[in-house]
Amino acid sequence: MKIGYPCLNLTLPCQNSQTFRLASYSQKRFLATVNNNLDCLLETLQYNREKGILFFRITSGLVPFASHPVCRVDWPVVFRDKFKAIGRFIKKEKMRTSMHPGHFTLLNSLRTTVWRRSIKEIEYHVDVLDLLGLDNSHKIQIHVGGVYNDKEESLKRFIETYKKLSPKLKKRLVIENDENSYNADDCLRISKATKMPIVFDVFHHQLYNQGEDLKEIIKEIFLTWRKKDGIPIVDYSSQDANKKRGAHTEGIDLENFNKFLEITQDVDYDIMLEIKDKAKSALEALGFIGHSPLASKLY
DNA sequence: TCACGTCAAGCAGAT
DNA sequence: ATCTGCTTGACGTGA
């Protein structure tokens, strides 16, 4: 088991997702920003390595406007060496990474422009992981998308669009259950048709499920991961007691976390902690497991 | 230096 | 009808 946090390190002085307004786009600005973001990504990974955090979600903001027509810089070529160096570090330290394109990425949209743009956006994410030279256990996770007043049709549309994607996109893509449109069971149906692995989001499942036994559904979901996909990925968070339903906690709730660990003690997976304070909670979780009977699960 | 209106992109649920 | 949340708040103008 590796423990991770998403995108952003709140203690480092650098920013790995620096951006700018579309209106202020210039080639110079773009190049300087990507250069900064890549340097900061490496710094963040170095920080993680020092702390023993071996799983990390790379921000989609790494290359701003990468999939937008305004960007005509051949950034994969310009930054090839820098990507390669970061990738070498990730591989040397046996880290795992993932990416999570934004909520505008909708393969099952009814609008052609939307799903076409979404494919471009996924291609950008694939380019990042490919440039880093990472194998296909480094995943890109997306949600199924909208319902558009007809879930059956929308689910089918997702499958059909997925099937048309090129192999290099298919190898990276995984789906994640969400909290109001497509639950774990829906994802399993899609996985049966597409062979896509499923990222199990514990908190989303808690908010939207079909009353399945947690242990059972996890077992079934983990079967969607094949050897070349790496071990399953789990997204973990829990409810902020003081905020409305669906709000992630500020800091990790170790009691709740421990319950999940106990339920899943027989299986191995990497866990992404979607907690507001990010690395802080990841460190707490590491310390907690390190002093528990599950310490041998960490590597 | 700071406050705050706005920012590439879509959808669903809450109010 | 309008607001909020989601991958991740952060840019940038005006004072």
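Residue numbering restarts at 1 for every chain, and letters A, B, ... go by the order of the sequence lines.
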Examine A:Phe56 together with A:Tyr5 and report whether their ring centres are nearer than 6.0 Å.
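They qualify: ring centres under 6.0 Å apart.
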For A:Phe20 and A:Phe65, I'd like to know if the aromatic rings sit close, meaning centre-to-centre distance below 6.0 Å.
yes
Indicate, with a heavy-atom threshold strictly under 4.0 Å, whether [X] touches base, sugar-phosphate, or nothing.
| X | result |
| --- | --- |
| A:Thr105 | nothing |
| A:Gly61 | base |
| A:Lys278 | sugar-phosphate |
| A:Gly246 | sugar-phosphate |
| A:Tyr148 | sugar-phosphate |
| A:Val70 | nothing |

Provide the distance between the two [atom1] atoms, one in [N] and one in [M], to the nearest whole Å.
| N | M | atom1 | result |
| --- | --- | --- | --- |
| C:dC6 | B:dA8 | C1' | 16 Å |
| B:dC2 | C:dT8 | C1' | 22 Å |
| C:dA1 | B:dA9 | P | 22 Å |

[N] [atom2] sits how many Å from [X] [atom1], rounded?
| X | N | atom1 | atom2 | value |
| --- | --- | --- | --- | --- |
| A:Leu10 | C:dT8 | CG | P | 11 Å |
| A:Glu123 | B:dA9 | CD | P | 20 Å |
| A:Arg245 | C:dT4 | CZ | C1' | 15 Å |
| A:Arg117 | B:dA9 | CZ | C1' | 5 Å |
| A:Lys276 | C:dC6 | NZ | C1' | 9 Å |

All N/O contacts under 3.5 Å from nucleotides 11-15 of chain C to the protein, with atom names and distances to one decimal?
residue : atom : partner : partner atom : Å
C:dC11  : O4'  : A:Arg21 : NH1          : 3.3
C:dC11  : O2   : A:Arg21 : NH2          : 2.6
C:dG12  : OP1  : A:Arg21 : N            : 3.1
C:dG12  : OP1  : A:Ser24 : OG           : 2.5
C:dG12  : OP2  : A:Arg29 : NH2          : 2.4

Could you work out which one of [options] sits closest to the side chain of [X]?
| X | options | value |
| --- | --- | --- |
| A:Glu179 | C:dT8, C:dC6, B:dG10 | C:dC6 |
| A:Leu22 | B:dA12, B:dC11, B:dA8 | B:dA8 |
| A:Ser60 | C:dT8, B:dA8, B:dG10 | C:dT8 |

Do the side-chain N and O atoms of A:Glu121 and A:Ser67 include a donor-acceptor pair separated by under 3.5 angstrom?
yes
With both distances under 3.5 angstrom, what nucleotide forms a Watson-Crick or G-U wobble pair with [N]?
| N | answer |
| --- | --- |
| C:dA1 | B:dT15 |
| B:dC2 | C:dG14 |
| B:dA8 | none |

Ring-plane angle category for A:Tyr124 and A:Trp75, please: parallel below 30°, perpendicular beyond 60°, tilted otherwise.
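The arrangement is perpendicular - the two ring planes meet at more than 60°.
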Indicate the ring-plane relationship of A:Phe203 and A:His248, choosing parallel, tilted or perpendicular according to the 30° and 60° boundaries.
perpendicular
Residues A:Asp240, A:Lys276: salt bridge by 4.0 Å N-O rule
no
Quick check on A:Arg72: does its CZ atom have over 12 non-hydrogen neighbours (other residues, nucleotides or ligands) under 6.0 Å away?
no
Can you tell me if NZ on A:Lys297 sees more than 12 non-hydrogen neighbours from other groups inside 6.0 Å?
yes
Is A:Arg111 close enough to B:dA9 that one of its side-chain N or O atoms is under 4.0 Å from OP1 or OP2 there?
no
Centroid distance below 5.5 Å plus an interplanar angle below 30 degrees: do A:Phe104 and B:dA9 meet both conditions?
yes
